[in-house]
Enquirer: 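Have a look at this one.
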Protein chains: 2
Amino acid sequence: MSCRKSKCPAPFLSKTYDLLEEEREAERVGGGKKKIVSWNLEGNGFVVWCPADFSDLMLPRYFKHNNFSSFIRQLNTYGFKKTASKRWEFQHEKFRRGCRHLLAEMRRKKCQPSAFPSYLKPSAHHPPTQDNKSIAATATASEVLFMELMEENKKLRRERLELELQIAHFKTMEMKLLECLSHPTPTHHYPPSIPINYLN
Amino acid sequence: MSCRKSKCPAPFLSKTYDLLEEEREAERVGGGKKKIVSWNLEGNGFVVWCPADFSDLMLPRYFKHNNFSSFIRQLNTYGFKKTASKRWEFQHEKFRRGCRHLLAEMRRKKCQPSAFPSYLKPSAHHPPTQDNKSIAATATASEVLFMELMEENKKLRRERLELELQIAHFKTMEMKLLECLSHPTPTHHYPPSIPINYLN
DNA sequence: GGGAATATTCCC
DNA sequence: GGGAATATTCCC
């Protein structure tokens, strides 16, 4: 148990909180600019309004990367939940506007103990051994069904996240392209950052 | 066992090797400047001649930090030995000038796996949960769980379909917009079929 | 969304 | 020099 843990919140949490406060202040004084990220209305969570700008402009100032998915990985590690289907809103019981002191109570998830021992979970990394073949043989049909459902569930969540990320990319591109069309220049070039690979 | 591990060396090793080769090349063509880091005479190790410049100028170009001690921590992790008392010289059996292929054989030191699963080890981070208090749930409880899983599964499939449809729309729009950009007309109108609602 | 490998930091 | 926590990446 490190001394740091008992006193101060994990750097990830402080930084995320700082970043929201900074944006709030910037909005208060500067106004005008479009919102990139902010506390939600109730102050019990936050919304990343523009993942592209958030990743490019804010992440590198607080973290050692500019990957939205790495940021999300951290949120999950600390137990945040995505709480809206159509926007990037995240909540955690202890993550509230005005309650910086609660951050110190938030805990990183460890690999949590599963009801099913790991050798029963299907995985490419655990080729069947003599041991778990015979154990699996004793599993009831409903247990097998249950595990299959769990696997499919996991897969679906994964796929959803991937699709959502793709959509975020599209939205960004879309805006850039519309920008180009609404401010025409004599010679047109393609905007530089179009991930053409999404087009087929 | 990840696919990466069998084929290519750890990023840390490639980057350290690259950095030495880059310096060697720079010295060959440019000459003049004082040496910051280089292979040793025998080519079976390397020397950081100027840790300050090395940290400020080279580390950030290859890694996500500029701390000499983090670099050394990595060297130790991969089994390098400090081989001189008065200068920062490091050697590893498989790290030799001209032998990039040997890097793939170098292995990170592991913290050796414990015989006990992590959830059996005493830890402040694992307060007993409903799950692990009664692994053998009652028939009704597991039935409820099962139904919940099925429901969530159905919801996820629905969501996935929706997201995929959105993406299909985006792809179509994308092509239309690119079309517009590549055949400019004197007066620009927005193409008619852009679902603006996707943009916020 | 999360497991697991690697990277970085912190601390002894 | 290395154990261990946290951060970042990669992959399912």
Side-chain angles (χ1 to χ4, degrees), chain A residues 1-16 55 59-60 62-83 88 90 106-114 116 118-119 121-126 150-165, chain B residues 1-16 55 59-60 62-83 88 90 106-114 117-119 121 123-125 152 156 159-160:
Chain A
M1 184 77 51
S2 83
C3 134
R4 184 177 55 176
K5 266 167 76 178
S6 33
K7 290 170 196 157
C8 22
F12 172 74
L13 299 171
S14 300
K15 290 178 180 177
T16 303
S55 305
L59 286 182
Y62 288 87
F63 305 101
K64 289 173 181 286
H65 66 83
N66 61 354
N67 304 312
F68 193 51
S69 44
S70 290
F71 179 72
I72 289 179
R73 185 74 195 82
Q74 282 283 70
L75 291 176
N76 289 324
T77 297
Y78 282 94
F80 282 81
K81 295 293 174 205
K82 188 166 185 299
T83 49
W88 296 96
F90 299 92
M106 295 174 68
R107 288 286 165 263
R108 213 180 147 79
K109 279 192 215 163
K110 306 271 166 163
C111 23
Q112 82 272 27
S114 157
F116 293 97
S118 70
Y119 53 83
K121 288 190 227 151
S123 160
H125 304 303
H126 298 145
M150 289 227 302
E151 279 310 304
E152 179 163 27
N153 215 288
K154 240 166 51 182
K155 196 189 93 203
L156 286 166
R157 287 172 183 283
R158 217 161 47 221
E159 288 175 357
R160 184 177 57 179
L161 181 61
E162 252 169 65
L163 292 170
E164 285 170 341
L165 286 172
Chain B
M1 183 77 55
S2 81
C3 134
R4 187 174 54 176
K5 266 167 75 181
S6 33
K7 292 171 194 155
C8 23
F12 171 75
L13 300 171
S14 300
K15 290 177 179 178
T16 303
S55 305
L59 286 182
Y62 289 87
F63 305 102
K64 289 172 180 286
H65 66 84
N66 60 355
N67 304 312
F68 193 53
S69 46
S70 290
F71 179 73
I72 289 178
R73 184 74 196 82
Q74 284 281 69
L75 290 176
N76 288 324
T77 298
Y78 283 93
F80 282 81
K81 295 295 173 203
K82 188 167 184 299
T83 49
W88 297 97
F90 300 91
M106 295 174 69
R107 288 286 165 261
R108 215 179 145 81
K109 286 188 211 165
K110 311 258 161 173
C111 34
Q112 73 281 22
S114 158
S118 70
Y119 56 88
K121 285 189 235 157
S123 161
H125 306 301
E152 180 164 27
L156 287 168
E159 287 176 0
R160 184 178 58 178

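Each chain gets a letter, A, B and so on, in the order the sequences are listed, and its residues count up from 1.
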Enquirer: At what distance, to the nearest 0.5 angstrom, does OG1 of B/T16 lie from CG of B/L59?
Expert: 9.0 Å
Enquirer: Got a second to check how far A/M106's CE is from A/S14's OG, nearest 0.5 Å?
Expert: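 Separation between the atoms: 10.5 Å.
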Enquirer: Could you state the NE2-C1' distance from A/H65 to D/dT6, rounded to the nearest angstrom?
Expert: 12 Å
Enquirer: Between D/dG1 atom P and B/L75 atom CG, what is the distance in whole Å?
Expert: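 It is 10 Å, rounded to the nearest whole Å.
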Enquirer: Sequence neighbours left out, cut at 3.5 Å: what donor-acceptor pairs do the side chains of residues 71-80 of chain A make with other protein atoms?
Expert:
unit_1, atom_1, unit_2, atom_2, d
A/R73, NH1, A/T77, OG1, 3.3
A/N76, ND2, A/I72, O, 3.3
A/T77, OG1, A/R73, O, 2.9

Enquirer: Looking at C/dG2, C/dT8, D/dT6, which one has an atom nearest to any side-chain atom of B/Q74?
Expert: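 Out of C/dG2, C/dT8, D/dT6, the nucleotide with an atom closest to B/Q74's side chain is C/dT8.
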Enquirer: What integer distance in Å separates B/M106:CE from C/dT6:P?
Expert: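 One finds 13 Å between P of C/dT6 and CE of B/M106, rounded.
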Enquirer: Calculate the interatomic distance between B/F63 atom CZ and C/dT8 atom C1'; express it in whole Å.
Expert: 11 Å
Enquirer: Quick check on DNA chain D: between B/N76 and A/E162, whose nearest nucleotide comes earlier from the 5' end?
Expert: B/N76
Enquirer: Which residues pass the ring pair (Phe, Tyr, Trp, His ring centres under 6.0 Å) test with B/F63, sequence neighbours left out?
Expert: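 B/F12, B/H65.
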Enquirer: Scan A/Y78 against the nucleic acid and name what it touches under 4.0 Å (heavy atoms): base, sugar-phosphate only, or nothing.
Expert: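 A/Y78: backbone/sugar contact only, no base atoms under 4.0 Å.
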Enquirer: Can you check the A/K82 NZ to C/dG1 P distance for me, whole Å?
Expert: 7 Å
Enquirer: Look at the side-chain N and O atoms of A/K64 and state whether any lies under 4.0 Å from the OP1 or OP2 oxygen of C/dT9.
Expert: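 Affirmative; the distance criterion is met.
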Enquirer: In whole angstrom, give the distance that lies between atom OH of B/Y62 and atom P of C/dA7.
Expert: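 After rounding, the gap between these two atoms is 16 Å.
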Enquirer: Could you give the CZ-to-P distance, from A/F71 to D/dT6, as a whole number of Å?
Expert: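 To the nearest whole Å, that distance equals 18 Å.
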Enquirer: Is B/K109 close enough to D/dG2 that one of its side-chain N or O atoms is under 4.0 Å from OP1 or OP2 there?
Expert: yes
Enquirer: What is the separation between atom CD1 on B/I72 and atom P on C/dC10, rounded to the nearest whole Å?
Expert: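 So the CD1-P distance, B/I72 to C/dC10, works out to 16 Å.
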Enquirer: For D/dA7, does OP1 or OP2 lie under 4.0 Å from any side-chain N or O of A/R108?
Expert: yes
Enquirer: Tell me the closest heavy-atom pair linking B/P60 and B/N66, and the distance in Å.
Expert: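 Looking at all heavy atoms of both residues, the shortest contact is CG-CB, 3.9 Å.
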Enquirer: Output yes when at least one side-chain N/O atom of A/N67 is less than 4.0 Å from OP1 or OP2 of D/dT9, else no.
Expert: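 True: A/N67 side-chain N/O within range (under 4.0 Å) of D/dT9 OP1/OP2.
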Enquirer: Please evaluate the base of C/dG2 for a donor-acceptor partner in the side chain of A/R73 within a cut-off of under 3.5 Å?
Expert: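 Such a pair is found, so the answer is yes.
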